[in-house]
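Hydrogens, waters and symmetry mates play no part in the numbers below; they use all other heavy atoms, side chains included. Lettering of chains follows the sequences in order, A, B, ..., and the numbering in each one begins at 1. The structure displayed is predicted, hence computed values, not measured ones.
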2 protein chains.
Amino acid sequence: MSTLAQGKADLERASTAQKVADMLRERVLDGELEPGLRLSEEAIGGALGVSRNTLREAFRLLTRDRILVHEHSRGVFVRRPNGDDVRDLYAARRVIEGGALRRWNDVSEKQREAVRTPVRQAVARAEKNDFSRTGAANIQFHRGIVGLAGSVRLSDESDRLFAELMLAFRVAHEVEAFHQTYLPWNRKIVELLNDGTVEQAVQQLDEYFDAAEQDLVSRLTAD
Amino acid sequence: MSTLAQGKADLERASTAQKVADMLRERVLDGELEPGLRLSEEAIGGALGVSRNTLREAFRLLTRDRILVHEHSRGVFVRRPNGDDVRDLYAARRVIEGGALRRWNDVSEKQREAVRTPVRQAVARAEKNDFSRTGAANIQFHRGIVGLAGSVRLSDESDRLFAELMLAFRVAHEVEAFHQTYLPWNRKIVELLNDGTVEQAVQQLDEYFDAAEQDLVSRLTAD
DNA sequence: TATCGTAGAATCGTTCAACAATCCAACGAT
DNA sequence: ATCGTTGGATTGTTGAACGATTCTACGATA
């Protein structure tokens, strides 16, 4: 039955606006479209061969995902987070991930493995100097933490927060180096969880957030 | 200067789609447009005197706010939460509000007052049998709790979750009675916070969520 | 020189009309 | 009673058009 559910999801993926939005999202997160850039309706619509109305619909989907921002009568821009945005993002993450982590003892083993596995992957990839994928594994680690909450709404919202944070990394020119710096923290958090000392793991996570926020904010306000 | 910022917000309030979305949101939350109802583009667009494209844009804004759901090639519907949705919503609230409440000792006095005041108001209004406004005060209480996190993104997302929950109340025919039932809980939580026993307050909040979720789910799956 | 205002270009906001694609309900065949 | 089929209704998408807003560059004034 799971294959049927999968197929249904693929079928529903129709919609030109959805496909355009997916393409643009990829371009933005890859860095081809830099934060702060204005996306002209005419230029992009012409390049992609879709009408303005459809393109505007794709824009709306991406503003919902925090990828773009819409300014009335001025157009849409690739989101360009500043220091205040980063502080806000980490304030949200502290509450969400801290709250989720405290559910460690109440969740399924599968959910716990979704936290442990990405750290193992990140370590393995870092040893091979495969840093681009180390970052992806780091994100998976945090997605696993949010997953402990058991709410798809919360996981979806966190994905949007992560996307915004990725843009902040890009503005700070920290796309690759950032994640590996904090890899030891993640490893320590998993150790503490495995020891059953959940509160200590939460505290460690908070320290990670403090350090990461301070680092990122200083690099953003330096510009 | 605050008046200037206010004026700017008013000026930016333009956009036909935005006004249409505001009107529709009100109609939905008031109950005029029932959960599950399909909103015809032609009918509503004609009634409101706006073009289909503009109306579709308003629809997208409301799907972002969890008021409407969009089904491809079928149209948009007033969201109609089911039991699984409610469980997901409370899973999210447990983590968000629990995590926010634990920040009690780290936040400003103003933030703490934003939690205490709504409970006082709710008590006063309940004594006057003003139940419709009791519910509003109850929501303010929980908004105050989320506000302890100090993240506008998290507060905004919580507002969307609350809106969805309001729809669930409506489906369960519990719009008015629900909030006052749990007023004693809120009062107890504030007492525990004032006593400085934050962890006990969190535990009390969790019990509130357990009871509220169970109540609401049973009424939803009964249909 | 610097500030201000203005004209014109560029772009967005919104509408309208049209057609293809999809969904739905009624009908009839097996 | 279940399963195709056929129209009719609704959404998806396009293209063009025009008013409204923003931006840019130029020139006037102090």
Which part of the nucleic acid, if any, lies within contact of G45(B), taking any heavy atom under 4.0 Å across all strands shown: a base, the sugar-phosphate backbone alone, or nothing?
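Nothing: the residue G45(B), judged by heavy atoms under 4.0 Å, touches no strand.
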If we ignore hydrogens and angles and just use 3.5 Å, is the side chain of D88(A) paired with the main-chain N or O of S151(B) as donor and acceptor?
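No, because the side chain of D88(A) does not come within donor-acceptor range (under 3.5 Å) of the backbone of S151(B).
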Side-chain (T63(B)) to main-chain (R60(B)) donor-acceptor, under 3.5 angstrom:
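Answer holds: yes.
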With sequence neighbours excluded, what pairs up with D84(B) under the side-chain hydrogen bond (donor to acceptor under 3.5 Å, both in side chains) test?
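By the side-chain hydrogen bond (donor to acceptor under 3.5 Å, both in side chains) rule, D84(B) matches R87(B).
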List in chain and number order the residues that pass side-chain hydrogen bond (donor to acceptor under 3.5 Å, both in side chains) with S73(A), two or more places apart in sequence or in another chain; answer none if no residue qualifies.
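Counting only residues at least two positions away or on another chain, S73(A) forms no side-chain hydrogen bond (donor to acceptor under 3.5 Å, both in side chains).
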Residue from R93(A), R94(A), R219(A) passing salt bridge (Lys or Arg N to Asp or Glu O under 4.0 Å) with E213(A)
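Of all the options given, the one that passes is R94(A).
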Find the distance L48(A):CG to dT14(D):P and express it as a whole number of Å.
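My rounded result for the distance is 11 Å.
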Which residues, if any, of residues 50-69 of chain A bring a heavy atom under 4.0 Å of DNA chain C?
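Correct list: R52(A), N53(A), R56(A).
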CA sep, side-chain torsions, deciding dist, call: E97(A), R143(A), salt bridge (charged side-chain N to carboxylate O under 4.0 Å, His left out)
CA-CA 9 Å; E97(A) 298 192 34; R143(A) 290 185 49 154; over 6 Å; no
Go through the structure and list residues passing ring pair (Phe, Tyr, Trp, His ring centres under 6.0 Å) with F209(A), not counting sequence neighbours.
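Here the qualifying residues are Y90(A).
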Distances under 3.5 Å between nitrogen or oxygen atoms of protein and nucleotides 7-10 of chain D:
{"residue": "dT10(D)", "atom": "O3'", "partner": "R38(B)", "partner atom": "NH2", "Å": "2.4"}

Phosphate oxygens OP1/OP2 of dT14(C): is one of them under 4.0 Å from a side-chain N or O of H72(A)?
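Result: no.
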In terms of side-chain geometry, is the basic nitrogen of [X] or [Y] positioned less than 4.0 Å from the acidic oxygen of its partner?
| X | Y | answer |
| --- | --- | --- |
| R52(B) | E42(B) | no |
| E164(B) | R80(B) | no |
| R153(B) | E157(A) | no |

Between N or O atoms, less than 3.5 Å apart, protein on one side and nucleotides 5-10 of chain C on the other: list the pairs.
none

